[in-house]
Amino acid sequence: MPERLAETLLDLWTPLIILWITLPSFVYMAPMNQAHVLTTGSPLELSRQSEEMRILNRSKRGWVWNQMFVLEEFSGPEPILVGRLHTDLDPGSKKIKYILSGDGAGTIFQINDITGDIHAIKRLDREEKAEYTLTAQAVDWETNKPLEPPSEFIIKVQDINDNAPEFLNGPYHATVPEMSILGTSVTNVTATDADDPVYGNSAKLVYSILEGQPYFSIEPETAIIKTALPNMDREAKEEYLVVIQAKDMGGHSGGLSGTTTLTVTLTDVNDNPPKFAQSLYHFSVPEDVVLGTAIGRVKANDQDIGENAQSSYDIIDGDGTALFEITSDAQAQDGVIRLRKPLDFETKKSYTLKVEAANIHIDPRFSGRGPFKDTATVKIVVEDADEPPVFSSPTYLLEVHENAALNSVIGQVTARDPDITSSPIRFSIDRHTDLERQFNINADDGKITLATPLDRELSVWHNISIIATEIRNHSQISRVPVAIKVLDVNDNAPEFASEYEAFLCENGKPGQVIQTVSAMDKDDPKNGHFFLYSLLPEMVNNPNFTIKKNEDNSLSILAKHNGFNRQKQEVYLLPIVISDSGNPPLSSTSTLTIRVCGCSNDGVVQSCNVEAYVLPIGLSMGALIAILACIILLLVIVVLFVTLRRHKNEPLIIKDDEDVRENIIRYDDEGGGEEDTEAFDIATLQNPDGINGFLPRKDIKPDLQFMPRLQKRLLKRNTGECCLKKRTKDNRDFKEKNSQDFKRKGEVTKATC
């Protein structure tokens, strides 16, 4: 690697050195034009001189200017010379100093302030920074005054092939269908080179395959990978590893290179048919297996994967196509054989089936390889099992007349053991279906007999369940439903369909239909009901009524005359005989009640009672009772209202302003005179009844009728004589005059006379 880098540097430096020698004037020398370099004078003088100069001479720069170049990645014992600055103002007297500023000045680039030589003091990398912009200026050595305006120049870093190609997105993965033709595009890859793509061939890449041949190829410039072999089979090899190289310098010797890997996976196509692992399958199944049970599985292997390996299974031939079916299990990719109908070992002991497996998704490109299907033979052996008894019929229908005698045989059920070693059968009735125990069965021969009388009118159908049990194995039982229909016999006489009550108007006409009646019969004859109506023999010549049979099996009652009077007879009873058409016929007598009523002119019944004659016109007895009740209720309300008003006006407390009383009390204690004001309360003396804090009420009856006399005797006994006298209004002044005499100290005893 160092030898190759030295050769590259030598190739680059040789033309540069020759160019530097042959063209010195352009780099190091400048035309001697003192008129252009002005360092003194005011701006106005400079401007005026410039205008004069513009007329006489062509303006020139004071610098001979070019771009400078420096090679990247150069490292040596001494700093590398990039270029030299020189001005025509420099006579060589060393009075001019060169100043450098800008990108990298002082850190990367250094200038000799006397000679103007620029050196690179650090190693440069074009990939980090491709060019540097700097400013150069010549100043006076002593005063540092600018001798010329500053000027910019560029130092470009020249590229060398120091970066190898890189695959930034590697490693790569790609897929291609198997059995693809030659040259099928797989994918393309891209490498990048950090070197300058403009200068030289440092960034010109060429691609090649180092590993993965002869299966794949790559285009050198576009890096498109293609298949190099046709009909690559995924089942033979599914994955390939390809190593790809990218080399710069156009692939020439000395170029740098980078590699990456590409994993190519062949995707599956349906290019393989299914194949059964074996041509003959054997299965065995008990004869009592439940319908829908899986008997066995067959599988056809397919080297393809995914949906290309999916197959459907069918039974295409055999003697058990009606008893068995096969379904496809998409998860396990096999066929499941199931039972469709019951098996019977005693009838057939084995079956042979031919099953087929065929691909569901067929690729027409590979249809020429043959049919994508396969067949196999399946043999199924039926094993004997202890089966329960089998009835001769799945259901039984028996009929019995409702007047059948007890213990008479209604019908019979039969069952057998289908096994080779036939076992005797015992019959019984499931009593949960015959709670009233109306039927019995013979345990040996299965004959069903009647245990209790039947009545069709109560229940027409009886559904019971018969159980058949093997005597040798009681766990083997079977059930069968038995429906018993009760047949009708003529055991019910006809009668009125409802309770009829007819009404006859007093002003009715002869031949008028009073009532139409119909009959009903609980029996159910095959040809329907047909009733015969008649009157009792002793009432055939009834003077008042007659009957007429209608076509709809009903009967009309007619009046023979008019002029019925309810005061003479209010109710008529008409017995009618009703007979059916049964064998033997039955009959019953029903009585029709006919009431005589008062009717309006248009025949509307108004009243059917005799009391209606004494009532006002248009009013019935019920209406009068209602009116009377309302009157009594109003009278009671009025009495209560008056009573409440009277009690409200009377005061409850007896207090009369005119009732003025005087108490005369005799006692022996000496009073305090006029100054004694605490002996008595004059208000209490004026109202002796309020001493106890209440007034007598009129609405309260006293417990003692002679309370005043008793108080008087008690006062005489304790304090002497006490007398209460009534005074009139004329004596009020006297009471006020002597009121001071009552104010004495001592005990005061009051009596009311």
Side-chain angles (χ1 to χ4, degrees), residues 283-296 320 322-325 338-351 380-456 458-487:
F283 299 107
S284 60
V285 56
E287 63 175 331
D288 59 349
V289 68
V290 180
L291 298 182
T293 302
I295 297 173
L323 298 176
F324 302 94
E325 65 179 358
R338 300 181 185 274
L339 183 65
R340 292 178 58 187
K341 294 183 178 180
L343 300 175
D344 188 5
F345 173 80
E346 290 73 25
T347 303
K348 191 173 179 61
K349 297 179 175 59
S350 65
Y351 297 90
I380 301 174
V381 177
V382 181
E383 298 177 348
D384 188 24
D386 191 3
E387 300 176 87
V390 178
F391 284 94
S392 59
S393 176
T395 59
Y396 290 89
L397 175 62
L398 306 178
E399 293 181 346
V400 58
H401 287 89
E402 60 179 329
N403 61 348
L406 297 180
N407 299 322
S408 60
V409 177
I410 299 173
Q412 185 179 11
V413 297
T414 58
R416 65 178 181 85
D417 185 5
D419 299 323
I420 296 178
T421 59
S422 180
S423 172
I425 306 299
R426 181 175 296 276
F427 299 95
S428 61
I429 296 177
D430 186 357
R431 291 303 177 183
H432 292 91
T433 61
D434 184 25
L435 298 176
E436 298 181 359
R437 295 182 174 271
Q438 292 182 295
F439 306 96
N440 291 325
I441 189 171
N442 190 300
D444 297 327
D445 57 11
K447 291 182 179 180
I448 301 173
T449 58
L450 185 63
T452 60
L454 300 176
D455 188 355
R456 190 202 66 84
L458 295 179
S459 179
V460 179
W461 289 95
H462 297 272
N463 298 305
I464 61 175
S465 180
I466 304 299
I467 302 174
T469 307
E470 290 186 8
I471 295 179
R472 296 176 184 172
N473 187 359
H474 293 171
S475 63
Q476 297 296 330
I477 62 174
S478 297
R479 296 173 181 268
V480 67
V482 178
I484 301 173
K485 183 180 181 181
V486 182
L487 302 178

Between T452 and E436, does the side chain to side chain contact (heavy atoms under 4.5 Å, CB included) criterion hold? Intermediate values first, please. CA-CA 9 Å; T452 60; E436 298 181 359; 6.0 Å; no
Just by distance, do the side chain of D434 and the backbone of I429 share a donor-acceptor pair under 3.5 Å? no
Here the gap from Y396 atom OH to I410 atom CD1, rounded to the nearest 0.5 Å, amounts to 15.0 Å
Counting C-beta onward and ignoring hydrogens, is there a side-chain heavy-atom pair between L454 and V400 closer than 4.5 Å? yes
Sequence-distant partners of K348, salt bridge (charged side-chain N to carboxylate O under 4.0 Å, His left out), two or more places apart: D319
When every non-hydrogen atom of L323 is compared with those of P342, the smallest separation belongs to CD2-O, 4.1 Å
If I compare all heavy atoms of T414 with all of S392, which pair ends up nearest, and what's the gap? OG1-OG, 2.7 Å
Around H432, counting heavy atoms of other residues, nucleotides and ligands shown, do more than 12 lie under 6.0 Å from its NE2? no
Donor-acceptor check, side chain of S423 to backbone of R472, threshold 3.5 angstrom: yes or no? yes
Look at the aromatic rings of F324 and Y351 and report parallel, tilted or perpendicular, splitting at 30° and 60°. perpendicular
Distance in Å, D288 CG paired with D386 CG, rounded so as to fall on 0.5 Å steps: 8.5 Å
Flag side-chain contact, heavy atom, 4.5 Å: V413 against I441: yes
In Å, rounded to the nearest 0.5 Å, how long is the span from OG of S475 to CD1 of I477? 8.5 Å
What's the shortest heavy-atom distance between P388 and P418, and which atoms? O-CD, 3.3 Å
Could you tell me whether a side-chain N or O of T395 sits under 3.5 Å from a main-chain N or O of P481, the two making a donor and an acceptor? no
Just by distance, do the side chain of E287 and the backbone of A385 share a donor-acceptor pair under 3.5 Å? yes
Which residue pairs pass the salt bridge (charged side-chain N to carboxylate O under 4.0 Å, His left out) test when at least one of the two sits in residues 407-421, sequence neighbours left out? none
For the residue pair D344 and E387, establish whether any side-chain heavy-atom pair is separated by less than 4.5 Å. yes
Taking atom NZ of K341 as the centre, does the number of heavy atoms from other residues, nucleotides or ligands within less than 6.0 Å exceed 12? no
Quick check against the 3.5 Å criterion: does T433 have a side-chain atom that pairs as donor or acceptor with the backbone of S465? yes
Donor-acceptor pair between N403 and H401 side chains, under 3.5 angstrom: no
Are I466 and I448 packed together at the side-chain level, in the sense that at least one heavy-atom pair is separated by less than 4.5 angstrom? yes
Value for CD1 (I464) from CG (D430), rounded to nearest 0.5 Å, stands at 9.5 Å
Measure across V480 and P394 and return the closest heavy-atom pair with its distance rounded to 0.1 Å. CG2-O, 3.1 Å
Go through I295 and V289 one step at a time and tell me if the side chain to side chain contact (heavy atoms under 4.5 Å, CB included) criterion holds. CA-CA 9 Å; I295 297 173; V289 68; 5.6 Å; no
Shortest non-hydrogen contact from A415 to I425? O-CG1, 4.0 Å
Considering only heavy atoms from C-beta outward, does the side chain of I467 approach that of R479 to under 4.5 Å? yes
State whether the side chain of R338 and the backbone N or O of L291 hold a donor-acceptor pair below 3.5 Å, judged by distance alone. no
Hey, are the side chains of L406 and P453 touching, using non-hydrogen atoms and a 4.5 Å cut-off? yes
Side chain to side chain contact (heavy atoms under 4.5 Å, CB included), that's the test. Do N442 and T449 meet it? Break it down for me. CA-CA 8 Å; N442 190 300; T449 58; over 6 Å; no
Answer whether the closest heavy-atom distance between the side chains of I420 and F345 falls below 4.5 Å. yes
Which heavy atom of R431 sits nearest to which heavy atom of F439, and what is that distance? NH1-O, 2.9 Å
Could you tell me the separation between the CG atom of L343 and the CG atom of D384, rounded to the nearest 0.5 Å? 12.0 Å
Spacing of CG belonging to L339 relative to CD belonging to E325, to within rounding of 0.5 Å: 8.5 Å
Determine which pairs satisfy salt bridge (charged side-chain N to carboxylate O under 4.0 Å, His left out) with at least one residue from residues 444-456, sequence neighbours left out, and list them in order. R456-D488
